[in-house]
Amino acid sequence: MSTPLTAFLAEHEDEVLEAWSRAVQATTSHHYADRGIEELRAYAVEALGCVRSALRSSLPGPHEPAPSGSDPAACTPLRVIQPEAGVHVQMRAVRGSTSDVRAGQGEIVRYVSRLAAFRMRQGFTETETVTALLRGREVIGQLVVPHYEGDELVQVERALDDVFHRIVAAYGQTFCALCSQQMTEDRVRAERRLESVLEESADAIIFFDADRIVRSWNRGAALIFGYQPGEIIGLSIDLLVPEEILASGEIEKLMAALGAAGQARLAETQRIAKNGRRVWVDANFTTVRDPDGRPQGAWAVMRDLTERRRIQEANLQAERLALIGTMSAKLAHEIRNPIGSVSLNLDLLRDELQDIKAGRQSNSQESLGLLRSIENELGRVQRVIEDYLRFARLPSVRLRDLSLNHLLEEHVPFLTPAFEQQKIRLQLDLGEELPEMRADADQLWQALLNLLRNAIEAMPEGGTLTVSTRALNGNIVCRIRDTGQGMSAERIEKMWKPFWSTKRGGTGLGMPLAQQIVAEHGGSIDCESQEGKGTVFTLTLPLAPAVGAPAS
Ligand code: ADP
Ligand code: MG
């Protein structure tokens with residue numbers, strides 16, 4: 001089909017392209033102003049091609065109402081593959097014109113979709129691109145005026161309006177379709193990435209609803225607990241909780257914390273796998289709420305601590321064995337010395353007894369003295385062996401929930417006779433509302449007792465012993481202060497060594513044992529001391545240690 005406009009474009013192509021690209025560069029946004037004239041010319045070539053193909057197709061009436069530019073509801077889907085953009089674009093063509101998608105229409109759609117994808121990638125807005133297209137309308141409009149007049153000019157102007165109207169409308173539709181397409185694709189991609197992170201995570205990631213019914217169960221959860229999603233989704237998450245933990249109210253506390261703060265953490269707790277195996281886990285919970293703020297359930301992220309715990313235990317065990325090894329070498333020495341002096345004393349005693357028997361001596365005073373020293377040496381040997389065995393046979397810690405205040409209130413009274421005998425004033429300063437902690441009661445008391453004994457022994461002339469407890473930053477801090485003889489810096493350093501003692505009959509094992517026990521609770525002991533003034537021991541114990549054997 002030939003129109004005066006087609007004829008004009010064929011004849012004045014170079015002129016049109018030149019004027020169009022200059023007009024775009026000079027009069028549109030900085031996005032275009034920054035581009036070289038050659039690039040803009042190439043763009044104008046394509047645009048002109050599109051104008052021509054639009055002219056070739058049989059045009060609908062020039063004054064057909066314009067479809068609204070960006071309402072996707074007014075669009076009919078048309079699948080176009082967009083190789084240049086590297087994506088499959090679900091395109092929408094203008095409703096009403098899909099029925100007669102002829103060659104020219106198809107080309108318009110292809111052109112505008114390529115343009116839309118390209119412009120979108122380059123960061124142009126829809127308005128900027130449309131303005132650049134309309135510059136073409138202006139340029140051609142001005143160029144035709146000297147060539148036509150009367151009816152012919154009117155016909156050319158109408159054809160121009162119609163062609164640009166259709167291109168611009170198709171561009172608007174396409175641009176809006178592409179934008180929403182890209183948004184959906186980005187969202188889908190992000191969701192997929194998130195999903196695969198959740199799914200592939202080695203941690204158990206579980207969603208349970210407000211009734212504690214499992215709704216989502218990832219691969220990590222299947223690996224840790226042995227249930228496949230199909231076996232547990234729809235069942236209560238309490239299925240994983242050991243009976244004694246259910247009975248202890250841990251879950252109620254957890255749900256209360258989740259309701260109040262929206263988040264909760266169980267630092268070290270047990271769950272039961274499908275095969276009945278106990279699994280140590282660290283668990284973090286986050287509440288999910290609906291738009292009105294009502295809790296819909298919670299995400300639980302659980303990390304399997306079993307392996308870490310096994311390694312830590314193996315390390316502790318190895319350390320302890322090494323220590324016991326060096327200790328037994330010293331132990332021989334610790335026993336040989338007193339046994340040497342015992343046999344020396346026995347020889348002396350034999351001489352004494354022979355003297356008495358022979359009537360050379362009637363006084364048994366010296367013999368009694370020798371006996372007493374034999375007794376002392378043997379007593380020390382016995383204590384060393386007992387302390388050593390206590391050390392060597394120290395079982396792995398068995399953690400339970402306990403209140404340190406109760407532990408002290410329960411055991412300290414047994415020391416009252418020693419306090420009275422040595423005129424020691426006891427001050428118990430137990431922090432109020434001290435949280436419970438996970439600890440091995442027997443062993444923790446063993447450690448405290450060693451510190452208390454040393455404090456008592458450091459105050460032979462009497463003094464004040466203060467025991468205080470406080471909660472601080474997720475730890476429990478216990479201080480034992482005496483007003484005794486104190487220690488030099490050098491002594492403080494030596495004090496931790498096995499068998500190092502400044503006391504007659506001391507074993508030198510009290511401090512190393514206390515240190516070992518506190519270390520197995522994940523805590524530490526600090527010492528501050530001033531000679532002649534006294535000593536403070538500070539025990540810092542985590543509420544829930546990351547190490548230690550399961551309570552049984
Ligand atoms: P022992 O009590 O058998 O001597 P320990 O290991 O319990 O062995 O203590 C080692 C040494 O540390 C003690 O002999 C003492 O010199 C010093 N020591 C420990 N606690 C105190 C304290 N509260 N005041 C002064 N010295 C202390
Ligand atoms: Mg001691």
Side-chain angles (χ1 to χ4, degrees), residues 319-320 323-324 326-331 333-335 337-338 376-394 408 411-412 414-415 417-419 421-429 442-468 477-520 523-540:
E319 269 170 37
R320 197 192 286 179
L323 191 57
I324 290 170
T326 50
M327 272 169 67
S328 40
K330 286 192 189 144
L331 182 72
H333 176 77
E334 291 298 313
I335 295 173
N337 278 356
N376 282 344
E377 294 293 353
L378 287 181
R380 178 169 144 71
V381 168
Q382 197 174 355
R383 277 194 302 278
V384 165
I385 289 177
E386 271 168 14
D387 276 2
Y388 171 79
L389 288 180
R390 201 167 292 145
F391 209 117
R393 288 196 193 139
L394 195 65
L408 289 165
H411 286 88
V412 169
F414 289 109
L415 295 173
F419 294 142
Q421 206 184 346
Q422 267 174 253
K423 302 199 172 48
I424 292 172
R425 211 161 63 88
L426 172 71
Q427 277 186 339
L428 275 185
D429 170 18
D442 290 343
Q443 292 199 26
L444 193 55
W445 172 244
Q446 197 50 253
L448 291 166
L449 182 63
N450 284 337
L451 298 179
L452 292 170
R453 272 211 192 111
N454 283 347
I456 294 170
E457 286 161 6
M459 299 187 283
E461 314 290 317
T464 307
L465 175 68
T466 316
V467 180
S468 69
V477 176
C478 175
R479 283 206 171 80
I480 297 176
R481 177 193 298 272
D482 68 58
T483 55
Q485 56 205 205
M487 281 179 278
S488 65
E490 189 197 358
R491 277 196 179 190
I492 294 180
E493 210 175 297
K494 286 188 176 151
M495 156 181 86
W496 306 106
K497 297 206 168 98
F499 301 113
W500 187 83
S501 173
T502 55
K503 295 170 198 165
R504 277 195 80 211
T507 65
L509 290 174
M511 293 309 301
L513 185 67
Q515 195 182 35
Q516 176 79 16
I517 292 172
V518 170
E520 294 197 12
S524 60
I525 311 182
D526 289 316
C527 175
E528 275 174 74
S529 190
Q530 248 187 311
E531 274 178 293
K533 288 262 167 85
T535 307
V536 191
F537 283 100
T538 306
L539 278 83
T540 308

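Order of listing sets the numbers, starting from 1, for every ligand and every atom in it. We count residues from 1, following the sequence as given. Note that this is a predicted model, so its numbers are computed, not measured.
In this structure, atom 4 (O) of ligand 1 lies nearest to the protein heavy atom S501 OG, 2.7 Å. M495 CG, 3.6 Å is the protein heavy atom nearest to atom 12 (O) of ligand 1. Shortest contact from atom 15 (C) of ligand 1 to any protein heavy atom: T502 OG1, 3.6 Å. At the shortest separation from atom 6 (O) of ligand 1 among protein heavy atoms lies M511 N, 2.8 Å. Shortest contact from atom 2 (O) of ligand 1 to any protein heavy atom: K503 NZ, 2.7 Å. Nearest non-hydrogen protein atom to atom 24 (N) of ligand 1 is A458 CB, 3.3 Å. With respect to atom 19 (C) of ligand 1, the closest heavy atom belonging to the protein is N454 ND2, 3.4 Å. For atom 17 (C) of ligand 1, the closest non-hydrogen atom on the protein side is M487 SD, 3.7 Å.
Residue G484 places every heavy atom at 4.0 Å or more from ligand 1. Put simply, no part of C527 is less than 4.0 Å from ligand 1, judged by heavy atoms. Heavy-atom distances between W496 and ligand 1 stay at or above 4.0 Å for every pair. Judged by the shortest distance from any of its heavy atoms, N450 lies outside the 4.0 Å radius around the atoms of ligand 1.
Of the possible polar contacts, one joining the S488 side chain to the R491 backbone as a donor-acceptor pair under 3.5 Å is found. A donor-acceptor pair under 3.5 Å is formed between the side chain of Q422 and the backbone N or O of I456. The backbone N or O of T535 lies less than 3.5 Å from a partner atom in the side chain of D482, making a donor-acceptor pair.
Salt bridge status for E490 with K494: present, with a side-chain N to carboxylate O gap under 4.0 Å. A salt bridge links R380 with E334: at least one charged nitrogen is closer than 4.0 Å to a carboxylate oxygen.
Residue contact annotation: M511 places no N/O/S atom under 2.8 Å from the Mg ion (ligand 2).
At a 4.0 Å heavy-atom cut-off, ligand 1 touches P512 through the side chain alone.
Considering only heavy atoms from C-beta on, D526 stays 4.5 Å or farther from F537 through its side chain. Annotation: side chain of Y388 is not in contact with side chain of P498 (no heavy-atom distance under 4.5 Å). L449 has its side chain out of reach of H411: every pair of non-hydrogen atoms, C-beta onward, lies at least 4.5 Å apart. T538 places none of its side-chain heavy atoms less than 4.5 Å from the side chain of I525. Side-chain contact between D387 and L513 is absent, with no heavy-atom pair separated by less than 4.5 Å.
Close approach of ligand 1 to G506 is summarised as follows: ligand atoms under 4.0 Å from at least one heavy atom of the residue are 3 (O). Counting atoms of ligand 1 from 1 in the listed order, those under 4.0 Å from a heavy atom of F537 are 20 (N), 23 (N). Close approach of ligand 1 to L509 is summarised as follows: ligand atoms under 4.0 Å from at least one heavy atom of the residue are 6 (O), 8 (O). Of all atoms in ligand 1, numbered sequentially from 1 with element shown, those under 4.0 Å from a heavy atom of T507 are 3 (O).
Residue-to-ligand polar distances keep W500 apart from ligand 1: every N/O pair is separated by 3.5 Å or more. The distance criterion of under 3.5 Å between nitrogen or oxygen atoms is met by G508 with respect to ligand 1. The distance criterion of under 3.5 Å between nitrogen or oxygen atoms is not met by R491 with respect to ligand 1.
Atoms CE and CD1, from M487 and I492 in turn, are 5.0 Å apart once rounded to the nearest 0.5 Å.
Scanning both residues, C478 and V467, for their nearest heavy atoms gives SG-CG1, 4.3 Å.
Remark: the D429 side chain and the S468 side chain contain no N/O donor-acceptor pair separated by less than 3.5 Å.
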